[in-house]
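Everything on this sheet refers to the single structure shown next.
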Amino acid sequence: MTETRAIVTDIEGTTSSISFVKDVLFPYARKRLPAFVETHADRPEVQHWLHEAAKEGGLIAASRTEVIDLLIGWIDADRKATPLKALQGMIWEAGYVDGDYRAHVYPEVAARLRAWRAQGIRLYVYSSGSVQAQRLFFRYSDAGDLTPLFAGYFDTETGGKRERASYERIAEAIGESPAHLLFLSDVLEELDAARAAGFRTTWVQRPPLACPADARHPCVADFDAIAV
Ligand SMILES: CSCCC(=O)C(=O)COP(=O)(O)O
Ligand SMILES: [Mg+2]
């Protein structure tokens, strides 16, 4: 079998439960978004992402309230829009620092990540959440600070997770041939795109989901079952 030199993992539904993201993080950001935008509107990075959101939403000369409404609509629709993800990451920071929540990771994940590192495999994250959000997530995880395990992070500024070109860019950035890279995700369209770029793939189907017998990617219920 081809040697795996690096693993790139998704977060939601793969290292961590969908419920933590949807039922804890998203509502936290939704509730605080209007006040966050009003009180941080002078920060250049906030201005930048509000402008990008308005552009992506097709709003011309939009008021701040209109952009906030647009962003809230995107949260409700679970739209993986880069401007929304960047702003969510900024808002979530306070929740982690204040101890309002810790990021969920499935019980075997931290030990398995450490075992892969001990084997010399480099670890990366590719999530729709912004790089800032990803760093916070693993710094404040319920298994402790996992950020020392990761060599790098990719978000939708690299491209959409269902696009082959994104994985080609990630392989280029990691500096390895895609054949030596393994991508983990719960979403088949993401795995198809990664495979089209030459990555090895594994589909993570956390219980109560189950792997179908005719799965088109190697399929596991947890990280301990992943063949590297
Ligand atoms: C970085 S934590 C929040 C993740 C997030 O915002 C999201 O939309 C989940 O996307 P993923 O690509 O990890 O499934
Ligand atoms: Mg996912």
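Both backbone and side-chain heavy atoms feed into the values below; hydrogens, waters and symmetry mates do not. Ligands are counted one by one from 1 in listed order, and the atoms in each one are counted from 1 as well. Note that this is a predicted model, so its numbers are computed, not measured. One is the number of the first residue; the rest follow in order along the sequence.
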Subset of ligand 1 atoms that lie under 4.0 Å from at least one heavy atom of [X]:
X    : result
K80  : 7 (C), 8 (O), 9 (C), 10 (O)
K85  : 5 (C), 6 (O), 7 (C), 8 (O)
K161 : 11 (P), 12 (O), 14 (O)
S128 : 8 (O), 10 (O), 11 (P), 12 (O)

Do T82 and T156 have side-chain atoms, one donor and one acceptor, less than 3.5 Å apart?
yes
Any side-chain donor-acceptor pair under 3.5 Å between H104 and S16?
no
Quick one: do [X] and [Y] make a salt bridge, cutoff under 4.0 Å?
X    : Y    : answer
D214 : R216 : no
E52  : K55  : yes
R5   : E3   : yes

How far is [atom] from its nearest protein heavy atom, and which residue and atom name does that atom have?
atom                    : answer
atom 9 (C) of ligand 1  : E12 OE1, 3.2 Å
atom 2 (S) of ligand 1  : F137 CD1, 3.5 Å
atom 14 (O) of ligand 1 : D10 OD1, 3.0 Å

Options S16, S127, A103, ranked by nearest heavy atom to atom 4 (C) of ligand 1, top entry:
S127
Using a 4.0 Å heavy-atom threshold (strictly under), name the region of W92 that reaches ligand 1: side chain, backbone, both or neither.
side chain
Going by the 4.0 angstrom heavy-atom rule, the piece of I11 near ligand 1 is both
Can you tell me if F26 contacts ligand 1 (heavy atom of the residue under 4.0 Å from the ligand)?
yes
Can you find a heavy atom in the side chain of T15 that is under 4.5 Å from one in the side chain of V204?
no
Roughly how far, to the nearest 0.5 Å, is CD1 of I7 from OH of Y124?
11.5 Å
Of the N, O or S atoms in E12, the one nearest the Mg ion (ligand 2):
O
Passing candidate, side chain to side chain donor-acceptor pair (under 3.5 Å) with T4, options R122, R200, Q119
R200
Side chain or backbone, does Q88 bring an N or O within less than 3.5 Å of an N or O on ligand 1?
no
Would you kindly check if the NZ (Lys) or CZ (Arg) of R206 is within the cone defined by 45 degrees around the ring axis of Y106 and under 6.0 Å from the six-membered ring centre?
yes
Rounded to 10°, the OD1/D186 to the Mg ion (ligand 2) to OD2/D10 angle comes out at 80°
